[in-house]
Amino acid sequence: MNTPLGVLQQSLPYLLQGVWVTLVVVLGSLSLGLLVGLPLAVGQVYGPKPLKRLIGIYVWFFRGIPLLVLLFLFYFGLFPFLHLDLSAFVVAIIVLGSISSAYQSQILRGAILSIPEGQMKAARAIGMSDVQAIRHIILPQAFRLAVPGWSNEYSVLLKDSAVTYALGVAELMARAHHVASRTYQHLVLYLCAGFIFMILTFLGTRALDALHRRVKLRGYS
Amino acid sequence: MTGEAGFIFNELMPSLLRGLWMSLGLIVPSAVLGFFLGVLAGSCRVYGVRALRWSAHVYVALFRGFPLLVQLYIWYFGLPRLGVYLSPYMASVLGFSLCSGAYHSEYIRGALLSIKKGQVQAAQAIGMTRLQTILHVILPQAVRRALPGCGNEIIYLIKYSSLAYMVTCIELTGEGKIIASATFKYTEVFTVVGIIYLALVSVASWGLGKLEDRLALPGFQYHRA
(Lines give C-alpha, C1' and ligand atoms only; values in the text may rest on other atoms or scores of the structure.)
Protein backbone atom coordinates (compact mmCIF):
# COMPACT_ATOMS: atom_id res chain seq x y z
CA MET A 1 0.00 0.00 0.00
CA ASN A 2 1.37 3.35 -0.98
CA THR A 3 -0.32 5.43 1.68
CA PRO A 4 1.97 7.38 4.01
CA LEU A 5 1.21 5.17 6.99
CA GLY A 6 1.35 1.97 4.97
CA VAL A 7 4.80 2.86 3.68
CA LEU A 8 5.93 3.79 7.15
CA GLN A 9 4.70 0.54 8.62
CA GLN A 10 6.38 -1.52 5.93
CA SER A 11 9.69 0.29 6.04
CA LEU A 12 10.07 0.65 9.79
CA PRO A 13 12.15 -2.53 10.26
CA TYR A 14 14.45 -1.39 7.45
CA LEU A 15 14.79 2.07 9.04
CA LEU A 16 15.46 0.60 12.46
CA GLN A 17 18.36 -1.43 11.08
CA GLY A 18 19.78 1.95 10.13
CA VAL A 19 19.60 3.00 13.76
CA TRP A 20 22.22 0.38 14.55
CA VAL A 21 24.51 1.69 11.82
CA THR A 22 23.97 5.25 13.10
CA LEU A 23 24.76 4.19 16.66
CA VAL A 24 27.90 2.30 15.65
CA VAL A 25 29.11 5.34 13.69
CA VAL A 26 28.38 7.66 16.63
CA LEU A 27 29.85 5.46 19.34
CA GLY A 28 32.85 4.60 17.16
CA SER A 29 33.65 8.23 16.46
CA LEU A 30 33.00 9.26 20.08
CA SER A 31 35.53 6.64 21.25
CA LEU A 32 38.06 7.55 18.58
CA GLY A 33 37.56 11.20 19.49
CA LEU A 34 38.26 10.47 23.15
CA LEU A 35 41.28 8.33 22.36
CA VAL A 36 42.86 11.10 20.29
CA GLY A 37 41.36 14.03 22.20
CA LEU A 38 42.77 13.03 25.59
CA PRO A 39 46.47 13.23 24.66
CA LEU A 40 45.71 16.44 22.77
CA ALA A 41 44.14 17.99 25.86
CA VAL A 42 47.00 16.93 28.15
CA GLY A 43 49.52 18.15 25.58
CA GLN A 44 47.80 21.47 25.22
CA VAL A 45 47.78 22.11 28.96
CA TYR A 46 51.12 20.63 30.06
CA GLY A 47 53.15 20.31 26.86
CA PRO A 48 56.00 22.51 25.64
CA LYS A 49 55.14 25.56 23.57
CA PRO A 50 55.76 24.11 20.05
CA LEU A 51 53.51 21.15 20.89
CA LYS A 52 50.78 23.46 22.16
CA ARG A 53 50.93 25.42 18.93
CA LEU A 54 50.79 22.24 16.84
CA ILE A 55 47.74 20.99 18.73
CA GLY A 56 46.19 24.43 18.32
CA ILE A 57 46.56 24.13 14.55
CA TYR A 58 45.05 20.62 14.57
CA VAL A 59 42.03 21.85 16.53
CA TRP A 60 41.64 24.93 14.32
CA PHE A 61 41.74 22.73 11.22
CA PHE A 62 39.16 20.18 12.29
CA ARG A 63 36.85 22.76 13.84
CA GLY A 64 37.03 25.14 10.92
CA ILE A 65 36.22 22.90 7.96
CA PRO A 66 32.68 21.62 7.32
CA LEU A 67 32.08 17.91 7.89
CA LEU A 68 30.84 17.41 4.34
CA VAL A 69 34.04 18.90 2.87
CA LEU A 70 36.22 16.71 5.11
CA LEU A 71 34.22 13.62 4.16
CA PHE A 72 34.75 14.34 0.45
CA LEU A 73 38.41 15.25 0.96
CA PHE A 74 39.24 12.05 2.84
CA TYR A 75 36.97 9.57 1.05
CA PHE A 76 37.52 10.65 -2.56
CA GLY A 77 40.84 12.46 -2.18
CA LEU A 78 43.38 11.70 0.53
CA PHE A 79 42.77 8.01 1.23
CA PRO A 80 42.76 6.92 -2.44
CA PHE A 81 45.82 9.15 -2.95
CA LEU A 82 47.60 7.22 -0.18
CA HIS A 83 46.37 3.95 -1.78
CA LEU A 84 44.19 3.20 1.24
CA ASP A 85 41.06 1.42 0.16
CA LEU A 86 38.69 2.14 3.03
CA SER A 87 34.93 1.68 3.04
CA ALA A 88 32.63 4.69 3.41
CA PHE A 89 31.63 3.39 6.83
CA VAL A 90 35.24 3.41 8.10
CA VAL A 91 35.99 6.80 6.56
CA ALA A 92 32.85 8.20 8.20
CA ILE A 93 34.07 7.05 11.63
CA ILE A 94 37.61 8.34 11.02
CA VAL A 95 36.43 11.79 9.87
CA LEU A 96 33.74 12.20 12.54
CA GLY A 97 36.21 10.90 15.12
CA SER A 98 38.90 13.38 14.08
CA ILE A 99 36.46 16.28 14.27
CA SER A 100 35.21 15.04 17.60
CA SER A 101 38.78 14.68 18.91
CA ALA A 102 39.27 18.41 18.29
CA TYR A 103 36.08 19.27 20.19
CA GLN A 104 36.65 16.72 22.95
CA SER A 105 40.20 17.96 23.48
CA GLN A 106 38.72 21.39 24.25
CA ILE A 107 36.08 19.92 26.59
CA LEU A 108 38.81 18.03 28.49
CA ARG A 109 41.17 20.98 28.41
CA GLY A 110 38.50 23.14 30.06
CA ALA A 111 37.93 20.43 32.64
CA ILE A 112 41.65 20.09 33.41
CA LEU A 113 42.04 23.85 33.74
CA SER A 114 39.16 24.04 36.19
CA ILE A 115 40.92 21.77 38.68
CA PRO A 116 42.52 24.14 41.23
CA GLU A 117 46.26 24.54 40.73
CA GLY A 118 46.95 23.68 44.38
CA GLN A 119 46.15 20.04 43.66
CA MET A 120 49.07 19.72 41.26
CA LYS A 121 51.36 21.36 43.80
CA ALA A 122 50.07 19.13 46.59
CA ALA A 123 50.65 16.02 44.48
CA ARG A 124 54.17 17.15 43.66
CA ALA A 125 54.78 17.94 47.34
CA ILE A 126 54.00 14.36 48.40
CA GLY A 127 56.55 13.14 45.87
CA MET A 128 54.49 12.30 42.80
CA SER A 129 56.03 12.83 39.40
CA ASP A 130 54.27 15.10 36.89
CA VAL A 131 52.96 12.08 35.01
CA GLN A 132 51.72 10.40 38.18
CA ALA A 133 50.00 13.58 39.32
CA ILE A 134 48.23 14.00 35.98
CA ARG A 135 47.31 10.33 35.80
CA HIS A 136 46.11 9.81 39.38
CA ILE A 137 45.04 13.25 40.62
CA ILE A 138 44.09 15.54 37.73
CA LEU A 139 42.54 13.27 35.10
CA PRO A 140 40.17 11.26 37.33
CA GLN A 141 38.59 14.55 38.39
CA ALA A 142 38.71 16.11 34.95
CA PHE A 143 36.84 13.16 33.41
CA ARG A 144 34.00 13.66 35.85
CA LEU A 145 33.80 17.37 35.12
CA ALA A 146 33.75 16.63 31.38
CA VAL A 147 30.60 14.47 31.41
CA PRO A 148 28.11 17.31 30.65
CA GLY A 149 30.35 18.38 27.76
CA TRP A 150 30.30 14.84 26.41
CA SER A 151 26.54 14.74 26.59
CA ASN A 152 26.56 17.77 24.31
CA GLU A 153 29.14 16.22 22.02
CA TYR A 154 27.06 13.05 21.74
CA SER A 155 23.99 14.94 20.54
CA VAL A 156 26.05 16.95 18.04
CA LEU A 157 27.71 13.81 16.66
CA LEU A 158 24.42 11.97 16.43
CA LYS A 159 22.94 14.72 14.27
CA ASP A 160 26.13 15.13 12.22
CA SER A 161 26.20 11.38 11.54
CA ALA A 162 23.24 11.94 9.19
CA VAL A 163 25.64 13.75 6.84
CA THR A 164 27.66 10.55 6.28
CA TYR A 165 24.76 9.53 4.06
CA ALA A 166 26.53 11.68 1.44
CA LEU A 167 29.17 8.94 1.15
CA GLY A 168 26.56 6.21 0.99
CA VAL A 169 26.79 4.91 4.55
CA ALA A 170 23.54 2.99 5.06
CA GLU A 171 22.52 4.76 8.25
CA LEU A 172 19.09 6.00 9.25
CA MET A 173 18.98 9.06 6.99
CA ALA A 174 20.21 7.14 3.95
CA ARG A 175 17.58 4.46 4.46
CA ALA A 176 14.81 7.03 4.84
CA HIS A 177 15.97 8.52 1.55
CA HIS A 178 16.10 5.11 -0.18
CA VAL A 179 12.53 4.31 0.80
CA ALA A 180 11.36 7.84 -0.04
CA SER A 181 12.82 7.71 -3.54
CA ARG A 182 11.02 4.44 -4.17
CA THR A 183 7.64 5.31 -2.67
CA TYR A 184 7.51 9.13 -3.01
CA GLN A 185 6.46 9.43 0.63
CA HIS A 186 9.26 11.87 1.43
CA LEU A 187 7.54 13.96 4.08
CA VAL A 188 6.42 11.21 6.42
CA LEU A 189 9.67 9.26 6.10
CA TYR A 190 11.92 12.23 6.89
CA LEU A 191 9.67 13.23 9.78
CA CYS A 192 9.94 9.69 11.08
CA ALA A 193 13.74 9.72 10.71
CA GLY A 194 13.85 13.08 12.51
CA PHE A 195 11.80 11.78 15.42
CA ILE A 196 13.99 8.68 15.71
CA PHE A 197 17.04 10.98 15.90
CA MET A 198 15.27 12.98 18.61
CA ILE A 199 14.52 9.86 20.60
CA LEU A 200 18.15 8.72 20.29
CA THR A 201 19.35 12.13 21.47
CA PHE A 202 16.97 12.03 24.40
CA LEU A 203 17.96 8.50 25.47
CA GLY A 204 21.69 9.19 25.15
CA THR A 205 21.63 12.46 27.05
CA ARG A 206 19.47 10.87 29.76
CA ALA A 207 22.03 8.08 30.14
CA LEU A 208 24.89 10.58 30.36
CA ASP A 209 22.92 12.69 32.87
CA ALA A 210 22.55 9.59 35.03
CA LEU A 211 26.27 8.97 34.70
CA HIS A 212 26.92 12.61 35.61
CA ARG A 213 24.84 12.33 38.79
CA ARG A 214 26.70 9.18 39.76
CA VAL A 215 30.24 10.38 39.25
CA LYS A 216 30.03 14.13 39.85
CA LEU A 217 32.39 15.63 42.38
CA ARG A 218 30.85 17.07 45.51
CA GLY A 219 31.53 20.74 45.98
CA TYR A 220 32.31 21.47 42.32
CA SER A 221 28.80 22.26 41.07
CA MET B 1 50.72 28.69 -16.38
CA THR B 2 50.33 24.98 -16.92
CA GLY B 3 49.91 21.90 -14.77
CA GLU B 4 48.64 22.03 -11.22
CA ALA B 5 49.04 25.77 -10.76
CA GLY B 6 47.30 26.42 -14.06
CA PHE B 7 44.43 24.16 -13.07
CA ILE B 8 44.04 25.84 -9.70
CA PHE B 9 44.17 29.43 -10.95
CA ASN B 10 42.49 29.14 -14.34
CA GLU B 11 39.82 26.51 -13.76
CA LEU B 12 39.27 26.01 -10.05
CA MET B 13 39.37 29.54 -8.67
CA PRO B 14 36.72 31.12 -10.93
CA SER B 15 34.07 28.52 -10.13
CA LEU B 16 34.98 28.37 -6.44
CA LEU B 17 34.65 32.14 -6.31
CA ARG B 18 31.19 31.85 -7.82
CA GLY B 19 30.42 29.20 -5.19
CA LEU B 20 31.77 31.44 -2.44
CA TRP B 21 29.32 34.20 -3.43
CA MET B 22 26.49 31.71 -3.34
CA SER B 23 27.64 30.51 0.11
CA LEU B 24 27.72 34.08 1.39
CA GLY B 25 24.29 34.61 -0.15
CA LEU B 26 23.09 31.70 1.98
CA ILE B 27 24.97 32.53 5.17
CA VAL B 28 24.25 36.24 5.58
CA PRO B 29 20.44 36.20 5.27
CA SER B 30 20.21 32.99 7.33
CA ALA B 31 22.39 34.44 10.08
CA VAL B 32 20.32 37.64 10.30
CA LEU B 33 16.94 35.88 10.10
CA GLY B 34 18.10 33.17 12.49
CA PHE B 35 19.27 35.71 15.06
CA PHE B 36 16.00 37.66 15.05
CA LEU B 37 14.03 34.43 15.20
CA GLY B 38 16.18 33.42 18.16
CA VAL B 39 15.54 36.71 19.98
CA LEU B 40 11.81 36.33 19.33
CA ALA B 41 11.64 32.69 20.43
CA GLY B 42 13.95 33.30 23.41
CA SER B 43 11.83 36.25 24.59
CA CYS B 44 8.62 34.25 24.15
CA ARG B 45 10.04 31.42 26.21
CA VAL B 46 10.92 33.73 29.10
CA TYR B 47 8.23 36.44 29.00
CA GLY B 48 5.44 35.01 26.84
CA VAL B 49 1.98 34.00 27.99
CA ARG B 50 1.54 30.29 28.47
CA ALA B 51 0.47 29.37 24.90
CA LEU B 52 3.28 31.42 23.41
CA ARG B 53 5.82 29.97 25.81
CA TRP B 54 4.68 26.49 25.01
CA SER B 55 4.80 26.90 21.23
CA ALA B 56 8.26 28.49 21.40
CA HIS B 57 9.35 25.53 23.49
CA VAL B 58 8.05 23.00 20.95
CA TYR B 59 9.73 24.92 18.13
CA VAL B 60 13.09 24.85 19.87
CA ALA B 61 12.82 21.18 20.86
CA LEU B 62 11.95 20.10 17.31
CA PHE B 63 14.50 22.17 15.46
CA ARG B 64 17.32 21.34 17.84
CA GLY B 65 16.34 17.68 17.88
CA PHE B 66 16.19 17.04 14.13
CA PRO B 67 19.50 16.83 12.25
CA LEU B 68 19.84 19.84 9.94
CA LEU B 69 20.11 17.54 6.93
CA VAL B 70 16.76 15.96 7.78
CA GLN B 71 15.22 19.43 8.11
CA LEU B 72 16.56 20.50 4.72
CA TYR B 73 15.17 17.32 3.14
CA ILE B 74 11.79 17.97 4.71
CA TRP B 75 11.69 21.49 3.26
CA TYR B 76 13.00 20.51 -0.14
CA PHE B 77 11.69 16.97 -0.76
CA GLY B 78 8.89 16.75 1.81
CA LEU B 79 6.93 19.97 1.31
CA PRO B 80 6.05 19.20 -2.34
CA ARG B 81 3.84 16.44 -0.90
CA LEU B 82 1.74 19.26 0.55
CA GLY B 83 1.85 21.21 -2.71
CA VAL B 84 4.53 23.66 -1.59
CA TYR B 85 7.49 23.86 -3.95
CA LEU B 86 10.58 25.71 -2.76
CA SER B 87 13.67 26.45 -4.84
CA PRO B 88 16.88 24.87 -3.53
CA TYR B 89 18.02 28.31 -2.40
CA MET B 90 14.79 29.13 -0.57
CA ALA B 91 14.66 25.70 1.06
CA SER B 92 18.25 26.15 2.28
CA VAL B 93 17.74 29.65 3.68
CA LEU B 94 14.48 28.56 5.35
CA GLY B 95 16.16 25.47 6.82
CA PHE B 96 19.24 27.33 8.04
CA SER B 97 17.25 30.22 9.56
CA LEU B 98 14.78 28.05 11.43
CA CYS B 99 17.44 25.70 12.77
CA SER B 100 19.81 28.51 13.68
CA GLY B 101 16.98 30.44 15.36
CA ALA B 102 16.28 27.52 17.67
CA TYR B 103 19.91 27.43 18.82
CA HIS B 104 20.13 31.23 19.16
CA SER B 105 17.02 31.22 21.34
CA GLU B 106 18.81 29.02 23.88
CA TYR B 107 21.60 31.58 24.31
CA ILE B 108 19.12 34.47 24.39
CA ARG B 109 17.00 32.68 26.97
CA GLY B 110 20.01 32.04 29.18
CA ALA B 111 21.04 35.67 28.90
CA LEU B 112 17.53 36.94 29.66
CA LEU B 113 17.35 34.80 32.78
CA SER B 114 20.72 36.13 33.93
CA ILE B 115 19.48 39.74 34.11
CA LYS B 116 18.62 40.54 37.70
CA LYS B 117 14.96 40.82 38.75
CA GLY B 118 15.62 44.18 40.39
CA GLN B 119 16.10 45.77 36.97
CA VAL B 120 12.58 44.84 35.90
CA GLN B 121 11.19 46.25 39.13
CA ALA B 122 13.26 49.41 38.79
CA ALA B 123 12.07 49.91 35.20
CA GLN B 124 8.46 49.48 36.25
CA ALA B 125 8.99 51.82 39.20
CA ILE B 126 9.91 54.62 36.80
CA GLY B 127 6.73 53.95 34.84
CA MET B 128 7.84 51.74 31.94
CA THR B 129 5.38 49.22 30.54
CA ARG B 130 6.29 45.54 30.35
CA LEU B 131 7.11 45.76 26.63
CA GLN B 132 9.18 48.94 27.13
CA THR B 133 11.10 47.25 29.94
CA ILE B 134 11.92 44.27 27.76
CA LEU B 135 12.86 46.34 24.70
CA HIS B 136 14.86 49.11 26.38
CA VAL B 137 16.27 47.59 29.55
CA ILE B 138 16.45 43.83 29.34
CA LEU B 139 17.19 42.99 25.69
CA PRO B 140 20.09 45.45 25.17
CA GLN B 141 21.92 43.80 28.05
CA ALA B 142 20.82 40.26 27.27
CA VAL B 143 21.90 40.45 23.64
CA ARG B 144 25.37 41.54 24.75
CA ARG B 145 25.59 38.63 27.14
CA ALA B 146 24.33 36.18 24.52
CA LEU B 147 26.80 37.42 21.92
CA PRO B 148 29.58 34.87 22.53
CA GLY B 149 27.13 31.97 22.21
CA CYS B 150 25.33 33.48 19.24
CA GLY B 151 28.69 34.15 17.60
CA ASN B 152 29.51 30.45 17.91
CA GLU B 153 26.20 29.63 16.32
CA ILE B 154 27.07 31.84 13.34
CA ILE B 155 30.40 30.03 12.98
CA TYR B 156 28.45 26.75 12.93
CA LEU B 157 26.12 28.20 10.32
CA ILE B 158 29.08 28.98 8.05
CA LYS B 159 30.15 25.36 8.21
CA TYR B 160 26.67 23.89 7.93
CA SER B 161 25.95 26.05 4.87
CA SER B 162 27.84 23.31 2.98
CA LEU B 163 24.79 21.08 3.45
CA ALA B 164 22.91 23.24 0.92
CA TYR B 165 24.74 21.18 -1.67
CA MET B 166 22.73 18.15 -0.57
CA VAL B 167 19.51 19.86 -1.69
CA THR B 168 21.17 20.84 -4.99
CA CYS B 169 21.82 24.47 -4.10
CA ILE B 170 25.24 24.75 -5.73
CA GLU B 171 27.43 26.79 -3.38
CA LEU B 172 31.13 26.48 -2.52
CA THR B 173 31.06 22.75 -1.71
CA GLY B 174 28.81 22.02 -4.68
CA GLU B 175 31.03 23.87 -7.15
CA GLY B 176 33.99 21.98 -5.72
CA LYS B 177 32.23 18.64 -6.05
CA ILE B 178 31.32 19.32 -9.69
CA ILE B 179 34.90 20.21 -10.66
CA ALA B 180 36.37 17.36 -8.62
CA SER B 181 34.05 14.80 -10.19
CA ALA B 182 34.93 16.06 -13.68
CA THR B 183 38.71 16.12 -13.17
CA PHE B 184 39.18 13.49 -10.41
CA LYS B 185 41.33 16.02 -8.55
CA TYR B 186 39.49 15.54 -5.28
CA THR B 187 42.48 16.16 -3.04
CA GLU B 188 43.47 19.46 -4.66
CA VAL B 189 39.92 20.76 -5.00
CA PHE B 190 38.74 19.94 -1.50
CA THR B 191 41.98 21.18 0.06
CA VAL B 192 41.33 24.57 -1.54
CA VAL B 193 37.64 24.45 -0.56
CA GLY B 194 38.67 23.59 3.00
CA ILE B 195 41.11 26.50 3.12
CA ILE B 196 38.37 28.89 1.98
CA TYR B 197 36.06 27.69 4.75
CA LEU B 198 38.89 27.99 7.28
CA ALA B 199 39.44 31.56 6.13
CA LEU B 200 35.72 32.36 6.36
CA VAL B 201 35.46 30.89 9.85
CA SER B 202 38.63 32.63 11.04
CA VAL B 203 37.56 36.03 9.68
CA ALA B 204 34.08 35.62 11.16
CA SER B 205 35.35 34.70 14.62
CA TRP B 206 37.80 37.61 14.54
CA GLY B 207 35.01 39.98 13.50
CA LEU B 208 32.65 38.67 16.17
CA GLY B 209 35.35 39.13 18.81
CA LYS B 210 35.79 42.72 17.67
CA LEU B 211 32.03 43.26 17.80
CA GLU B 212 31.95 41.94 21.35
CA ASP B 213 34.70 44.37 22.40
CA ARG B 214 32.92 47.19 20.61
CA LEU B 215 29.58 46.56 22.29
CA ALA B 216 31.01 45.92 25.74
CA LEU B 217 29.69 48.41 28.30
CA PRO B 218 32.26 49.70 30.80
CA GLY B 219 31.56 48.11 34.16
CA PHE B 220 29.26 45.50 32.61
CA GLN B 221 31.94 43.18 31.28
CA TYR B 222 31.61 39.67 32.49
CA HIS B 223 33.96 36.77 32.50
CA ARG B 224 34.51 35.47 28.97
CA ALA B 225 34.81 31.71 28.78
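Everything numeric in this text was worked out from a predicted model, so none of it was measured. By convention in this document, chain letters (A, B, ...) are assigned in the order of the sequence lines, proteins followed by strands, and residues within each chain are numbered from 1.
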(message) Can you classify the ring geometry of B/Phe77 versus A/His186 as parallel (below 30°), tilted (30 to 60°) or perpendicular (above 60°)?
(response) parallel
Part of [X] within contact of chain B (heavy atom distance under 4.5 Å):
| X | answer |
| --- | --- |
| A/Tyr75 | neither |
| A/Phe76 | both |
| A/Leu172 | neither |
| A/Phe74 | neither |

(message) So A/Trp60 and B/Val201, do their side chains get closer than 4.5 Å, heavy atoms only?
(response) no
(request) State, yes or no, whether a side-chain contact exists between A/Leu71 and B/Phe190 at a heavy-atom distance under 4.5 Å. (result)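 A side-chain contact is absent here, since even the closest heavy-atom pair is not under 4.5 Å.
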Atom pair [atom1] ([X]) and [atom2] ([Y]), whose distance is rounded to the nearest 0.5 Å:
| X | Y | atom1 | atom2 | value |
| --- | --- | --- | --- | --- |
| A/Leu73 | B/Thr191 | CG | OG1 | 5.0 Å |
| B/Arg81 | A/Gln185 | CZ | CD | 4.0 Å |
| B/Leu68 | A/Asp160 | CG | CG | 9.0 Å |
| B/Ser205 | A/Arg63 | OG | CZ | 9.5 Å |
| A/Leu187 | B/Tyr73 | CG | OH | 15.0 Å |
| B/Glu188 | A/Phe81 | CD | CZ | 7.5 Å |

(message) Please enumerate all residues that pass ring pair (Phe, Tyr, Trp, His ring centres under 6.0 Å) together with B/Phe35, with sequence neighbours excluded.
(response) B/His104
Might you point out which heavy atoms bring [X] and [Y] nearest each other, and give the distance in Å?
| X | Y | answer |
| --- | --- | --- |
| B/Leu69 | A/Val163 | CD2-CA, 3.9 Å |
| B/Tyr197 | A/Pro66 | CG-CD, 3.4 Å |
| A/Met173 | B/Val70 | SD-CG2, 3.4 Å |
| B/Tyr103 | A/Lys159 | OH-NZ, 2.6 Å |

Side chain / backbone / both / neither for [X] at chain A, heavy atoms under 4.5 Å:
| X | answer |
| --- | --- |
| B/Leu62 | both |
| B/Lys185 | neither |
| B/Ser161 | neither |

Show me the donor-acceptor pairs, under 3.5 Å and distance only, between side chains in residues 15-30 of chain B and residues at least two apart or in other chains.
residue : atom : partner  : partner atom : Å
B/Ser15 : OG   : B/Glu11  : O            : 3.4
B/Ser15 : OG   : B/Leu12  : O            : 3.2
B/Arg18 : NE   : B/Glu175 : OE2          : 3.3
B/Arg18 : NH2  : B/Glu175 : OE1          : 3.2
B/Ser23 : OG   : B/Gly19  : O            : 3.4
B/Ser23 : OG   : B/Leu172 : N            : 3.2
B/Ser30 : OG   : B/Leu26  : O            : 2.5

(message) With a sphere of 6.0 Å drawn around CZ of A/Phe202, does it hold more than 12 non-hydrogen atoms of other residues, nucleotides or ligands?
(response)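 Not more than 12 within 6.0 Å, no.
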